Protein chains: 2
Amino acid sequence: MNQEPTSDPLEDARQTFVRSWGALGSSWGVSRTMAMVHALLLVTDPPLSTDDVMAELGASRGNANMNLRELVGWGLVRRVVVEGERREYFEAEKDVWTMFCTIARERKRREIEPALALLEACLATTKGLRSGKAKAFHKQLSELAQFVGTANAVLERISASEQSKVIPAILKWLK
Amino acid sequence: MNQEPTSDPLEDARQTFVRSWGALGSSWGVSRTMAMVHALLLVTDPPLSTDDVMAELGASRGNANMNLRELVGWGLVRRVVVEGERREYFEAEKDVWTMFCTIARERKRREIEPALALLEACLATTKGLRSGKAKAFHKQLSELAQFVGTANAVLERISASEQSKVIPAILKWLK
DNA sequence: CGGCACTTCCAGAAAGTATCGAAACTCATG
DNA sequence: CATGAGTTTCGATACTTTCTGGAAGTGCCG
């Protein structure tokens, strides 16, 4: 992935943003390129084609295609049809609140729920055990499960709400 | 990393929990082994030595040492001194709320704040630009920055609060 | 149909990380 | 101040994940 030098400050800022956002992505369990593609679409107005993404990021077709597809799978990017064009174009959901809700819902489904399931399973298999060690294990896991369950419910509730209902309440609470 | 077959249901459950938690860790940007070490300490009562961790997870000394050190760095694990023992022992913070606050604070510091800094930097360099494209870019980033900033403040506030103040409020709000 | 304009799949290559094993270091102790 | 238990560091290797480039697929249109 290459970068061309520019002296256009806007282009510089875009590049900086896209690349750095990509780097940050990896600490959140998102691959660099996927984060970069998302960042790119987020700050680009007319929808982009696969080739545009390839060109902007210097990625291969397969890579661009795969990451676009995955972003569509997450619901963060939409395929759009451009009048009189055969090629597919992509645009990101620009509204930050909607984006947050989408991410929350997907992570919940893909990561929190499996974790809960694991905890429940371990709780179930140690339910009947009477030894002190088993009791302690069971108690520790059940506290964890309860916490994760609450977090799950909070995300559920928040991401099903209107931004206009939630944000003001939060800001007020922050005081 | 090996596993020995057991017919002890508690041991089985512990193994299952530790290993699966490790697997889940990777979707949250935590390395498998670090998540496993943490899980292990979380469900183990007497503090463990490096050698215990090595034995339980079948990891090398270097690996165990490195991950223990990193967990101490996150504040999720403490070194403890056992009477009349030269060797160091480790125990995890068991309280789930405290654990959550620690993680929130650390991720905030390591990941959210750098992201905010990036956003601010890009906002600053495009501040004066008057073209339509620049305005759109600036607006998109500033919405993102505002959202991330609010999230940051929320985490700050929550993780500085008492569990007893926050959880009931949340449960009430969930209704 | 057959050509064209795209999209998707796939197997191997490359890059990036985690892990090991062993050597180097630390430091209380005899 | 030599010993040795215990800890840390480090280069080499093994493993995963990500990426590439080309082959195969899809479906529109003349």
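Since this is a predicted model, take the numbers as computed values, not measurements. Side chains are part of it too, since the values below use all heavy atoms of this structure and drop only hydrogens, waters and symmetry mates. Here is the naming used below: chain letters follow the sequence lines, and residue numbers restart at 1 for every chain.
- The side chain of B/Ser60 has C/dC20 as its nearest neighbour among D/dT8, C/dC20, D/dT20.
- Among D/dC19, C/dA18, C/dT7, the nucleotide with an atom closest to any side-chain atom of A/Ser31 is D/dC19.
- A straight line from CE of A/Met66 to C1' of D/dG21 spans 15 Å, rounded to a whole angstrom.
- Within the nucleic acid shown, A/Arg69 comes within 4.0 Å of sugar-phosphate atoms alone, with no base atom in reach, counting heavy atoms only.
- Of the candidates C/dC20, C/dG16, C/dA18, the closest approach to any side-chain atom of A/Arg32 belongs to C/dG16.
- Considering all non-hydrogen atoms of both residues, B/Leu42 and B/Glu93 come closest at CD1-O, 3.5 Å.
- Distance A/Leu68 CG to C/dC6 C1': 14 Å, rounded to the nearest Å.
- DNA chain D is contacted by both B/Thr50 and A/Asn67; B/Thr50 maps to the nucleotide lying nearer its 5′ end (nearest heavy atom per residue).
- Classification of the B/Phe147-A/Phe100 ring pair by plane angle, with boundaries at 30° and 60°, yields tilted.
- With D/dT7, D/dC19, D/dT20 as the candidates, the nucleotide lying closest to the side chain of A/Ala59 is D/dT20.
- Between the C1' atom of D/dG27 and the CZ atom of A/Arg87 lies a distance of 17 Å, rounded to the nearest Å.
- Counting only heavy atoms from C-beta on, B/Thr33 has its side chain closest to C/dT19 among D/dT20, C/dT8, C/dT19.
- For B/Asn65, the listed nucleotide lying nearest its side chain is D/dT9; candidates were D/dT18, D/dT16, D/dT9.
- Checking the phosphate oxygens (OP1, OP2) of C/dA18, no side-chain nitrogen or oxygen of B/Asn63 falls inside 4.0 Å.
- Between A/Arg61 and B/Arg61, the residue anchored closer to the 5' end of DNA chain C is A/Arg61, taking for each the nucleotide with the nearest heavy atom.
- Criterion: ILVMFWY side-chain heavy atoms under 4.5 Å apart, direct or through other members. Under it, A/Val72 and A/Met66 are not part of a common hydrophobic cluster.
- Side-chain contact check for B/Asp51 versus B/Arg61: some heavy-atom pair is nearer than 4.5 Å.
- Residue B/Leu123 is grouped with residue B/Val148 when hydrophobic side chains (ILVMFWY) are merged at heavy-atom distances under 4.5 angstrom, including chains of intermediate members.
- Nucleotide C/dC6 holds its P atom 8 Å from the OH atom of A/Tyr89, rounded to whole Å.
- Atom CE of A/Met34 is separated from atom P of D/dC19 by 11 Å (rounded to the nearest Å).
- What separates CE of B/Met54 from P of C/dA22 is a distance of 12 Å, to the nearest Å.
- Regarding B/Glu88, its CD atom lies at a distance of 20 Å from the P atom of C/dC25, rounded to whole Å.
- Atom CG in A/Asp51 sits roughly 11 Å away from atom C1' in C/dT7 (whole-Å rounding).
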